Amino acid sequence: MRKADMIFLLISPGFLSAISESGLLDVVLERQRTQAARIVALILHPSNWQESWLSQLPILPAWPESGHPLTREHPRYDRSLIQANVAIGIYKVIRNLIAEKADRAWIPFPEFCPEDGGSQMIMLTTQQGEQIFGCDGCFQLWRGNPWM
C-alpha cells in the first residue's frame, strides 16, 4: 500500500474497524493528502462511512445513486447492471490514472476494438514512448498494438 499508484478500499463495518486498528489508515490518508496514490472506495456492506474519514474520499458508485452499498437489493437494478457499473467505474479510474502518469490525454484512434469489433478505441503515448490503447466499449486496455 505504501508504493501503490491506486488503492481500492472495499468498505464494510469490519474493514472500518480493522484499518483503524492496523495503522494503515495513516498511510492511506497520507497518500491521499500528498496525491501519491489515487484512493477509491467501494461500499460493499452498510456501514457508517459518511460519518468517518471516508467521506473525504471519492466513492465508486455501484448504483446510479452514489453511496448505496453493493450488497443492497434494489427493485430497478439487477446484479449484472450493478457489476457492470462497478467495472465501468474502475476502468475510468484506471484510464484517468494512466493518462495522468503519461502526462497526456487519451486521443480517439481510427481503428475499432479487436475484441468487440465495433467500439471506439482511444490511445495515449507515455513519456517513455509506449502506446497504450483502451476500448470505450469492452473497457479493456492493451500495451502496444492490439491488432498485431
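This one's a predicted model, so the numbers in the text were calculated from it and none came from an experiment.
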[X] [atom1] to [Y] [atom2] distance, which is reported to the nearest 0.5 Å:
X	Y	atom1	atom2	value
Arg95	Ile132	CZ	CD1	12.5 Å
Ile19	Ser52	CD1	OG	10.0 Å
Ile11	Ile43	CD1	CD1	5.0 Å
Gln32	Thr34	CD	OG1	8.5 Å

Are [X] and [Y] close enough that some pair of their side-chain heavy atoms sits under 4.5 Å apart?
X	Y	value
Cys113	Phe133	no
Phe15	Leu44	no
Gln131	Phe109	no
Leu54	Leu16	yes
Pro13	Ser47	yes

Exercise. Linking I/L/V/M/F/W/Y whenever any side-chain heavy atoms sit under 4.5 Å apart, do Ile122 and Phe112 land together?
Worked result: no

Problem set entry | Set of salt bridge (charged side-chain N to carboxylate O under 4.0 Å, His left out) partners for Glu111, sequence neighbours left out | none

Exercise. With no hydrogens and no angle check, is any side-chain donor or acceptor of Gln120 less than 3.5 Å from a backbone partner on Cys135?
Worked result: no

Exercise. Looking at residues at least two apart in the chain, or sitting in another chain, which of them share a side chain to side chain donor-acceptor pair (under 3.5 Å) with Arg31?
Worked result: none

